[in-house]
Visitor: 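Here it is, the structure in full.
Throughout, a chain's letter reflects where its sequence line sits, starting with A, and its residues are numbered from 1. Just so you know, these numbers come straight off a predicted model, no measurement behind them.
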Amino acid sequence: MADEKGRGGIKEAVSGLGDHVQNSQVWNSIFRPGSPMRAENSDSPRNRSYVIMNNVLYHLHPVKVKRHGVKLSYTLCLGGLSFFLFILLTITGIFLMFYYRPTSPQAYFDLQALASDVAFGQLVRNMHRWGAHLMVITVFLHMSRVFYHGAYKPPREFNWVVGIVLLVLTLLLSFSGYLLPWDQLALWAVTVGTNMGSYAPVFGNQVTFALIGGVQITADTLLRFYVLHVLFLPFIITIFMAVHFWRVRKDGGISGPL
Amino acid sequence: MAQLPDSLLRRSAEARAKAEGRPVDEILAEMKGEAPPAPAPPAAASSQPSDAGGGRDLAAESGTYGVPVPLLERSMFARAKADGTPVPAMAGVGAPAAAASAVSSQPSAAPAPQAPSGPPPGVRTQRLLTVVKAGAIQGTEKEPQDKVNVWPHLLAIEFVALLVVLAALTLLSAFVDAPLLEFANFNEQPNPSKAPWYFLGLQELLAYFDPMVAGIIIPTFGMIALAFIPYVDRNPSVRPSDRKFAIAVFTVFFMAAAVVTIFGSFFRGPGFNFVFPWRDGIFFDDLLTILE
Ligand code: HEM
C-alpha cells in the first residue's frame with residue numbers, strides 16, 4: 001500500500017515537473033508558438049503553419065508546397081539528400097580533423113592510428129569516404145532529374161547555373177579530399193588528375209602550380225589540399241547552397257507539375 | 001461628387017437602385033446633386049438645402065469625414081485652381097477674387113481664413129491626397145493551387161529519406177573499410193594509375209584524344225554547355241512529349257559519359273590497356289575494397 005502510494009507520488013511529481021518545465025519561460029523562449037514541444041500545442045492547420053513559420057526551417061521551406069511536390073517520385077529527394085550528405089560529411093569531417101595532421105608522413109600514420117586506436121574512428125572515416133562518393137552520385141542524379149523535368153526553364157535558369165557551380169564544387173571537394181590519406185592510391189590518382197589540368201592553354205601550368213603548390217605533388221600539396229578541402233571549398237559551397245535554396249523558393253518553389 | 005466618372009456613378013446608382021428597389025435614373029440624379037425628384041434628399045444635403053447648386057457645406061463634410069474645415073477649404077481652393085473651375089460655393093460667379101468672401105459666407109467656417117497662403121508658422125499640416133478603396137495595389141492573377149502543409153507531409157518524407165540514407169551508409173561503412181594502401185611513394189607509380197572514378201571518363205578520353213582535347217577542351221566546354229542549357233533551350237514546355245529533341249540530346253551525352261566512365265573504370269588495366277574485367281581482373285581501387 002505504502003509502496004504504491006509512494007510510486008503514485010513520484011509519478012505525479014514527475015509529470016508535475018514536466019508541466020512546470022514546459023510552462024517555464026525558458027522552455028517557451030526556445031520553442032516558439034506552434035511548436036509540438038509546447039505544452040498547449042494541438043494539431044490544427046494554424047499550428048501546422050506555425051511549425052514552419054516559427055522555426056529556422058522557414059529559411060528552407062515555405063509553409064505549404066504544391067501537392068505534387070511532396071510526392072517522393074517528383075524530386076526523389078535528391079537535392080535534399082545531397083544537402084543532407086553535405087551536412088553528414090561536415091560532421092564526420094570535423095571528427096576526422098581531430099585526429100589528422102596534413103603533413104608527411106603523419107597524415108598516413110594518423111589514418112592508421114584512427115583505425116586502430118580511436119573508438120569508431122574507422123567507421124567515421126568509412127562514412128566520410130562512402131558518403132563523399134554518394135554525394136557525387138546524388139548531385140549528378142539531382143541534375144538529371146532537374147533536366148528531365150525541364151525545371152531549369154524560366155524563371156529557374158539562373159538556379160540551374162548555380163547548380164552547375166555546385167556540381168563543380170562538389171567534384172573539387174571530393175578531389176581535394178582524395179589526396180589526404182597520403183597513400184599510393186591518393187598520390188597517384190591526384191597526380192593523374194592534376195596532370196590533366198596542366199595541359200590547359202595559357203595559364204595551365206600556373207593554375208596547376210598554384211593548386212598543388214609546386215611543379216609536382218609534394219608534401220606541400222598535402223597542406224594546400226587540406227586547407228582547400230576543410231575550409232575554402234566548404235565555405236564557397238555553403239554560400240552557393242544558400243543562394244541555391246533561396247532561389248528555389250523565390251522562383252516559386254518546386255517546379256511542375258509536368 | 002462631380003469629379004467621379006459617369007460610368008462609376010452609374011454603376012453605384014444601379015447597385016443602389018437594385019438594393020432599394022427604386023428607379024436608377026432617380027438615384028443617379030440624386031447622386032449628381034441635380035434637383036432630386038424624390039421628396040427626401042440625403043441627410044447631408046437637407047441640412048443645407050441651398051447647396052443644390054453645387055456648393056458645399058464644409059461644416060457638414062467636416063463632421064462626416066472627420067477632416068478639419070480649414071483643410072477642406074484649402075483643398076477646395078486648390079482643386080478649383082487646378083481645374084480652372086469656379087469654387088463650388090460660388091458657382092456661376094467664377095471670379096477668383098470673390099473666393100475669399102465666398103468662404104466667409106459659409107456659415108460654419110467661423111473665423112474664416114483668407115484664401116490660404118500656407119499654414120501659420122510652426123504648424124504642420126497634412127493633406128489628404130486621395131482615398132483608395134481597400135484592396136491589393138497590384139492585381140494578382142494566380143490561380144489557386146492544390147497545396148499541402150510542409151509539416152507534416154513534406155518534413156516526414158524528408159526525415160524518412162534521411163534516415164534511410166543514413167542507415168544504408170552506416171551499414172555499408174560498418175562492413176566495408178575505406179581503402180588505405182601503402183604509404184605514398186614518389187618513386188613507384190602503380191600500374192595502372194587511375195584518377196578518382198568521376199574523372200575516369202576523361203582519363204578514358206585521353207586514350208583517344210590529345211591531352212589538350214580530352215583534359216581541357218572537353219571538360220571545360222562540357223561544363224559551359226551544361227550551364228548554358230537554359231538559355232539555349234527556349235522551348236517553354238516542360239512536357240516530355242514536347243521536348244523530345246532536348247531529352248534525346250541530354251540522354252545521349254549522359255549515356256556517353258556513363259559509358260566512358262565505366263570503360264575507364266573496369267575495362268582498363270595495366271598501361272591503361274584494354275582488359276575484360278571478368279577475365280583479367282578489376283583494376284579499380286575504389287571498388288577493390290568493396291569486392292574483397
Ligand atoms: C551540392 C549540390 C546541390 C544541392 C545540395 C542541391 C540542393 C537542391 C535542393 C534541396 C533542391 C529542392 C528540390 C529537390 O530536392 O530536388 C534543389 C532544386 C534545384 N536544383 Fe539543386 N542542388 C545541388 C546541385 C544542383 C545541380 C548540379 C543542379 C543543376 C545543374 C541543380 C539545379 C537545381 C534546380 C534548377 C532546382 C529547382 C528544381 C525545381 O524547382 O524543380 N542543383 N536543389
Visitor: Return the option, out of Pro181(A), Gly131(A), Pro45(A), Ala186(A), with the maximum number of heavy-atom pairs under 4.5 Å with chain B.
Guide: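 Ranked by contacts with chain B, first place is Gly131(A).
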Visitor: In chain order, what residues pass the side chain to side chain contact (heavy atoms under 4.5 Å, CB included) check against Ser75(B), with sequence neighbours excluded?
Guide: none
Visitor: Counting heavy-atom pairs closer than 4.5 Å to chain A, which one of Thr220(B), Asn235(B), Thr170(B) comes out on top?
Guide: Asn235(B)
Visitor: Let me know if Phe120(A) has heavy atoms under 4.5 Å from chain B in its side chain, its backbone, both or neither.
Guide: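 Phe120(A) has no heavy atom closer than 4.5 Å to chain B.
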Visitor: What residue, out of Glu158(B), His153(B), Glu182(B), has the most heavy-atom pairs lying under 4.5 Å from chain A?
Guide: Glu182(B)
Visitor: With chain A, which of Ala174(B), Ala156(B), Pro211(B), Pro152(B) has the greatest number of heavy-atom pairs at distances under 4.5 Å?
Guide: Pro211(B)
Visitor: Taking C-beta and beyond as the side chain, do Tyr108(A) and Leu180(B) meet within less than 4.5 Å on heavy atoms?
Guide: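 Side chain of Tyr108(A) against side chain of Leu180(B), heavy atoms only: contact under 4.5 Å found.
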Visitor: Which answer fits Pro219(B), side chain, backbone, both or neither, if we ask what part of it has an atom under 4.5 Å from a heavy atom of chain A?
Guide: neither
Visitor: Given that the side chain runs from C-beta out, which part of Leu206(B) has a heavy atom under 4.5 Å from chain A: side chain, backbone, both or neither?
Guide: side chain
Visitor: Is Tyr231(B) close to chain A through its backbone or its side chain, or both, or neither, when contacts mean heavy atoms under 4.5 Å?
Guide: side chain
Visitor: Any side-chain donor-acceptor pair under 3.5 Å between His61(A) and Trp151(B)?
Guide: no
Visitor: At a heavy-atom separation under 4.5 Å, does Ser174(A) approach chain B through its side chain, its backbone, both, or neither?
Guide: both
Visitor: Side chain, backbone, both or neither: which part of Pro105(A) has a heavy atom under 4.5 Å from chain B?
Guide: both
Visitor: Report which part of Gln184(A) has an atom under 4.5 Å of a heavy atom belonging to chain B: side chain, backbone, both, or neither.
Guide: both
Visitor: For Phe84(A), which atoms come within 4.5 Å of any heavy atom of chain B: side chain, backbone, both, or neither?
Guide: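 Side chain only.
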Visitor: Which bit of Lys66(A) is near chain B, if near means a heavy-atom gap under 4.5 Å: side chain, backbone, both or neither?
Guide: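 Contact with chain B involves both backbone and side-chain atoms of Lys66(A).
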Visitor: Please look at Val51(A) and chain B and tell me whether the side chain, the backbone, both or neither of the residue comes under 4.5 angstrom of a heavy atom of that chain.
Guide: side chain
Visitor: With a 4.5 Å heavy-atom cut-off (strictly below), which parts of residues 12-20 of chain B touch chain A? List them by number.
Guide: none
Visitor: Whether the side chain of Tyr178(A) engages the backbone of Ala195(B) through a donor-acceptor N/O pair (distance < 3.5 Å, no angle test) should be reported.
Guide: no
Visitor: Under 4.5 Å heavy-atom distance to chain B, tell me which part of Ile52(A) shows up: side chain, backbone, both or neither.
Guide: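 Only the side chain of Ile52(A) comes within 4.5 Å of chain B.
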Visitor: Is Leu171(A) close to chain B through its backbone or its side chain, or both, or neither, when contacts mean heavy atoms under 4.5 Å?
Guide: both
Visitor: Donor-acceptor pairs under 3.5 Å, side chain of residues 136-148 of chain A to any protein atom, not counting sequence neighbours: which ones?
Guide:
| from | atom 1 | to | atom 2 | distance (Å) |
| --- | --- | --- | --- | --- |
| Thr138(A) | OG1 | Ser82(A) | OG | 3.3 |
| Thr138(A) | OG1 | Leu134(A) | O | 3.4 |
| Thr138(A) | OG1 | Met135(A) | O | 3.0 |
| His142(A) | ND1 | Gly79(A) | N | 3.4 |
| Ser144(A) | OG | Phe140(A) | O | 3.0 |
| Arg145(A) | NH1 | His149(A) | ND1 | 2.9 |
| Tyr148(A) | OH | Thr251(B) | OG1 | 2.7 |

Visitor: With chain B as the partner, which of Asn47(A), Val65(A), Leu123(A) has the greatest number of non-hydrogen pairs under 4.5 Å?
Guide: Val65(A)
Visitor: Is Leu111(A) in contact with chain B via its backbone, its side chain, both, or neither, using a 4.5 Å heavy-atom distance?
Guide: both
Visitor: Only distances under 3.5 Å count here; give the side-chain donor-acceptor pairs of residues 160-170 of chain A to other protein atoms, sequence neighbours excluded, each with its distance to 0.1 Å.
Guide:
| from | atom 1 | to | atom 2 | distance (Å) |
| --- | --- | --- | --- | --- |
| Trp160(A) | NE1 | Leu226(B) | O | 2.7 |
| Thr170(A) | OG1 | Leu166(A) | O | 2.6 |

Visitor: With chain B, which of His128(A), Glu157(A), Arg156(A), Gln112(A) has the greatest number of heavy-atom pairs at distances under 4.5 Å?
Guide: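 The answer is Glu157(A).
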